[in-house]
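Comments concern the structure below.
In this text the structure is predicted, and so the values were computed from the model without any measurement.
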Amino acid sequence: MDLQQALEALSNHESFAEFIFTIHQLREEAISELHKADYDQIHQVSGRILTYDQILQMANYDLLKQRFG
């Protein structure tokens with residue numbers, strides 16, 4: 001089973017959706033941190049946001065949101 005197949009199988013479980021919703025919330029919190037971040041912290045926070053975005057995209061967040069709301 002490759003990664004895509006594993007993610008498709010996981011997307012049928014509400015507990016996986018809840019985990020991905022938590023990742024989305026962490027992304028939103030990191031975005032709000034950017035407003036308070038100083039110059040040295042911006043790079044670190046931006047990296048976290050990009051990582052969260054990649055996870056959300058791989059897990060097909062929009063589909064999970066429609067399915068499990």
Side-chain angles (χ1 to χ4, degrees):
M1 178 180 291
D2 68 1
L3 179 60
Q4 188 60 36
Q5 291 172 330
L7 288 170
E8 287 176 16
L10 286 169
S11 70
N12 294 316
H13 299 278
E14 188 172 358
S15 57
F16 178 70
E18 291 175 19
F19 171 72
I20 295 301
F21 296 160
T22 300
I23 298 294
H24 182 264
Q25 184 60 39
L26 290 171
R27 177 188 171 274
E28 295 302 312
E29 290 173 10
I31 289 171
S32 69
E33 284 180 39
L34 272 180
H35 299 291
K36 299 177 251 175
D38 62 25
Y39 182 77
D40 295 329
Q41 296 172 321
I42 289 175
H43 183 69
Q44 180 183 11
V45 175
S46 296
R48 286 188 5 234
I49 293 169
L50 286 173
T51 301
Y52 292 142
D53 281 341
Q54 288 173 335
I55 293 169
L56 292 169
Q57 186 175 25
M58 286 173 43
N60 204 348
Y61 170 77
D62 292 329
L63 179 65
L64 289 173
K65 187 176 174 184
Q66 288 177 358
R67 188 178 292 167
F68 297 105

request  = Might you point out which heavy atoms bring Val45 and Ala30 nearest each other, and give the distance in Å?
outcome  = CG1-O, 3.2 Å
task = Compare every heavy atom of Leu10 with every heavy atom of Phe16, then report the nearest pair and how far apart it is.
result = CB-O, 3.3 Å
message = Nearest 0.5 Å, please: how far is CD in Glu28 from OH in Tyr52?
response = 11.5 Å
inquiry  = Walk me through whether Arg27 and Thr51 qualify under side chain to side chain contact (heavy atoms under 4.5 Å, CB included).
reply    = CA-CA 9 Å; Arg27 177 188 171 274; Thr51 301; over 6 Å; no
request  = Measure the CD-CG distance between Glu14 and Leu64 for me, rounded to the nearest 0.5 Å.
outcome  = 10.5 Å
inquiry  = Over 60° means perpendicular and under 30° means parallel, so tell me whether Tyr61 and His24 are parallel, tilted or perpendicular.
reply    = parallel
Ile55/Ile20 under side chain to side chain contact (heavy atoms under 4.5 Å, CB included): CA gap, chis, key distance, verdict = CA-CA 8 Å; Ile55 293 169; Ile20 295 301; 4.2 Å; yes
key: Euclidean distance, Phe19 CZ relative to His13 NE2, rounded to 0.5 Å   = 14.5 Å
ask   = Is there a donor-acceptor contact under 3.5 Å from the side chain of Gln5 to the main chain of Asp2?
value = yes
key: Gap separating the CD1 atom of Ile42 from the NE2 atom of His35, nearest 0.5 angstrom   = 11.0 Å
inquiry  = Within this structure, what is the CD-CG distance for the pair Glu33 and Leu26, rounded to the nearest 0.5 Å?
reply    = 9.5 Å
query = Which value, rounded to the nearest 0.5 Å, describes the distance between Leu7 atom CG and Asn12 atom CG?
reply = 11.5 Å
ask   = Is there a path of hydrophobic side-chain contacts, each under 4.5 Å between heavy atoms of I, L, V, M, F, W or Y residues, that connects Met58 with Ile49?
value = no
request  = Report yes or no: does Arg48 contribute a side-chain atom to a donor-acceptor pair with the main-chain N or O of Ile31 at less than 3.5 Å?
outcome  = no
query = Can any side-chain N or O of Ser11 pair as donor or acceptor with the backbone N or O of Glu8 at less than 3.5 Å?
reply = yes
key: Gln44 side chain to Gln41 backbone, donor-acceptor under 3.5 Å   = no
key: Asp62/Leu56 under side chain to side chain contact (heavy atoms under 4.5 Å, CB included): CA gap, chis, key distance, verdict   = CA-CA 8 Å; Asp62 292 329; Leu56 292 169; over 6 Å; no
